[in-house]
Student: 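Questions regarding the structure given below will be posed in turn.
Worth knowing before you read on, the calculation uses all heavy atoms, side chains too, and leaves out hydrogens, waters and symmetry mates.
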Amino acid sequence: MERTSIRLGGIEIGSSVMNASGARSAERGEIYELCAVHSGAIVFKSCNRAGLETPENLKNRGVEYFQAIAGELIARNKIVVGSVVGASEEEFIEVARMLDRAGVSIVELNLADDYVTKSVAPFASFERLKSLLGRVRGETGCVLAVKVPPRGPFEPRAIADLFKSMRIAIAVCANDLPKDLAIDLATGEVQGRARALSQAHAFFNESENLLDVVAVGGINTGRDAYIAHLTGARAVQIGSALMKEGAGALGRIDRELDSMLAEHGRKSVSEIVGKVRFAG
């Protein structure tokens with residue numbers, strides 16, 4: 001749908017809606033099912049070099065398995081996002097390089113998972129984070145995204161500035177909006193003083209339009225996606241709804257988002273990104 005298409009990290013994508021890493025994206029059959037019903041980008045489950053059996057949320061067959069699938073999908077003109085985890089900087093670099101050479105459009109460095117926090121500890125210090133990002137950037141040519149821990153030790157402005165200096169194009173952030181948030185969808189107006197409404201919104205505010213934000217979490221309907229876009233997300237990742245409903249959830253949310261854009265006289269998602277405003 002033309003209204004829901006977006007440019008993310010400089011890449012044209014048929015929809016701003018995509019699956020979250022791990023949601024029905026670990027096996028070839030699951031991935032092909034997503035491709036069959038949705039025109040947006042496909043996000044692979046986070047993978048490491050040789051594969052993992054534990055923890056369960058990161059169970060995967062290893063990067064070579066996803067390399068092969070990437071080659072198949074790219075030949076069909078699909079936009080592929082590879083996601084990386086590892087137990088060391090060296091593993092992150094190797095896996096990111098292998099996915100890059102397989103031709104994926106975007107490599108997402110999953111720095112938000114406890115497995116990475118406990119092994120690599122990228123946010124233990126600012127210099128440690130800078131080292132990891134710099135080394136991966138030096139070994140890859142694709143667009144890079146970083147999945148940020150929902151509660152990190154550094155302020156969003158500091159991380160956003162680092163990402164920009166390292167040529168990290170995309171920040172994948174928590175869509176942790178208040179459950180009681182009241183927002184006028186026609187105007188984007190929220191009552192009260194200007195403030196960060198979510199981690200995604202905070203990164204949008206601090207990036208000065210030089211960093212694209214992807215919101216993940218709590219997006220189960222087109223309305224949820226619409227609000228995430230208003231608060232700064234250029235794209236949204238779907239997890240829980242996809243696990244509950246199956247691959248059709250992506251198309252449903254995309255269609256609902258398209259209908260809402262039409263209802264409010266918007267020709268594209270780009271028109272509403274970051275347009276929330278405060279009445280207080």
Side-chain angles (χ1 to χ4, degrees), residues 4-22 25 31 34-35 38-47 63 66-67 69-86 89 92-112 116 122 129-148 159-173 200 203-204 206-216 228-229 232-238 269-270 273-274:
T4 62
S5 63
I6 199 72
R7 190 173 180 86
L8 182 68
I11 298 169
E12 295 290 342
I13 302 177
S15 171
S16 65
V17 177
M18 64 185 73
N19 64 295
S21 173
S25 59
I31 292 167
L34 293 176
C35 291
H38 187 58
S39 63
I42 300 298
V43 185
F44 288 163
K45 187 168 187 177
S46 296
C47 65
V63 65
F66 291 99
Q67 271 188 307
I69 300 172
E72 297 164 7
L73 298 184
I74 292 163
R76 301 182 181 196
N77 297 316
K78 294 297 294 185
I79 301 297
V80 177
V81 181
S83 185
V84 181
V85 290
E89 281 195 12
F92 261 97
I93 295 163
E94 182 180 11
V95 175
R97 183 171 57 229
M98 291 175 73
L99 289 169
D100 180 37
R101 290 178 179 173
V104 304
S105 298
I106 300 169
V107 167
E108 174 192 277
L109 304 179
N110 184 353
L111 304 188
V116 175
L129 178 61
K130 183 176 181 180
S131 171
L132 173 61
L133 298 182
R135 293 182 68 191
V136 174
R137 179 72 284 172
E139 294 287 339
T140 56
C142 60
V143 173
L144 287 182
V146 173
K147 191 170 186 178
V148 183
I159 300 175
D161 286 346
L162 177 63
F163 285 1
K164 289 182 287 186
S165 71
M166 294 277 128
R167 293 184 293 118
I168 308 294
I170 302 165
V172 183
C173 301
F203 269 78
F204 172 79
E206 301 298 349
S207 68
E208 300 172 326
N209 288 324
L210 296 175
L211 189 69
D212 289 344
V213 175
V214 175
V216 60
H229 287 309
R234 292 195 65 79
V236 296
Q237 291 186 350
I238 312 301
V269 164
S270 298
V273 172

Student: Answer yes or no: is there a donor N or O on one side and an acceptor on the other, between the side chain of Gln67 and the main chain of Met98, under 3.5 Å?
Tutor: yes

Student: Could you give the distance from CD1 (Ile159) to NZ (Lys130), rounded to the nearest 0.5 Å?
Tutor: 14.5 Å

Student: Set out, in order, the CA-CA distance, both residues' side-chain angles and the distance that settles side-chain contact (heavy atoms from CB on, under 4.5 Å) for Leu162 and Ser165, then state yes or no.
Tutor: CA-CA 5 Å; Leu162 177 63; Ser165 71; 3.9 Å; yes

Student: As an exercise, state the distance from CD1 of Ile74 to CD1 of Ile42, rounded to the nearest 0.5 Å.
Tutor: 12.0 Å

Student: Please find the pair of heavy atoms, one from Val81 and one from Ala41, that lie closest to each other, and give the distance.
Tutor: CG2-CB, 4.3 Å

Student: Can you name the closest pair of heavy atoms from Val269 and Arg234 and give their distance?
Tutor: CG1-O, 4.5 Å

Student: Shortest non-hydrogen contact from Asn19 to Ser25?
Tutor: ND2-CB, 3.6 Å

Student: Is it the case that the side chain of Ser21 and the backbone of Ser46 share a donor-acceptor pair, with hydrogens and angles ignored and the cut-off at 3.5 Å?
Tutor: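 Yes, the answer is positive, given that a donor and an acceptor are paired below the 3.5 Å cut-off.
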
Student: Report yes if the side chains of Val136 and Val84 come closer than 4.5 Å at any heavy-atom pair, otherwise no.
Tutor: no

Student: Working to the nearest 0.5 angstrom, can you tell me the gap between Ile11 CD1 and Ile106 CD1?
Tutor: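 Here the rounded value is 4.0 Å.
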
Student: Between Asp100 and Arg97, does any side-chain N to carboxylate O distance fall below 4.0 Å?
Tutor: no

Student: To the nearest 0.5 Å, what is the distance between OG (Ser105) and NZ (Lys78)?
Tutor: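 Output value for this atom pair is 11.0 Å.
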
Student: Can you tell me if Arg135 uses its side chain to pair, donor with acceptor, with the backbone of Ile93 under 3.5 Å?
Tutor: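 Side chain of Arg135 to backbone of Ile93, a donor-acceptor pair under 3.5 Å: no, none is there.
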
Student: Between atom NE2 of His229 and atom OG1 of Thr4, what is the distance when rounded to the nearest 0.5 Å?
Tutor: 8.0 Å

Student: Can you tell me if NZ on Lys164 sees more than 12 non-hydrogen neighbours from other groups inside 6.0 Å?
Tutor: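 Atom NZ in Lys164 is packed in, count exceeds 12.
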
Student: Between Phe163 and Leu133, is the side-chain contact (heavy atoms from CB on, under 4.5 Å) condition met? List the steps.
Tutor: CA-CA 8 Å; Phe163 285 1; Leu133 298 182; 3.6 Å; yes

Student: Using only atom types and a distance under 3.5 Å, with no angle test, would you say the side chain of Asn110 pairs donor to acceptor with the backbone of Lys147?
Tutor: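 No; zero donor-acceptor contacts below 3.5 Å.
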
Student: Test Leu8 against Met18 for side-chain contact (heavy atoms from CB on, under 4.5 Å), laying out the working first.
Tutor: CA-CA 12 Å; Leu8 182 68; Met18 64 185 73; 3.9 Å; yes

Student: On a heavy-atom basis, which atom in Phe92 and which in Leu109 lie closest, and how many Å separate them?
Tutor: CD2-CD2, 4.1 Å

Student: Look up atom CZ in Phe44 and atom CG in Leu34, then write down how far apart they are to the nearest 0.5 Å.
Tutor: 10.5 Å

Student: Quick one, Ile6 with Asp212, criterion side-chain contact (heavy atoms from CB on, under 4.5 Å). Give me CA distance, side-chain angles, the key distance, then yes/no.
Tutor: CA-CA 11 Å; Ile6 199 72; Asp212 289 344; over 6 Å; no

Student: Could you report the tightest heavy-atom contact between Leu211 and Phe203, atom names first, then the distance?
Tutor: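 The pair with the smallest heavy-atom distance is CD2-CD2, 4.3 Å.
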
Student: Looking at every non-hydrogen atom in both residues, tell me the closest pair between Val107 and Cys142 and how far apart they are.
Tutor: CG2-SG, 3.5 Å

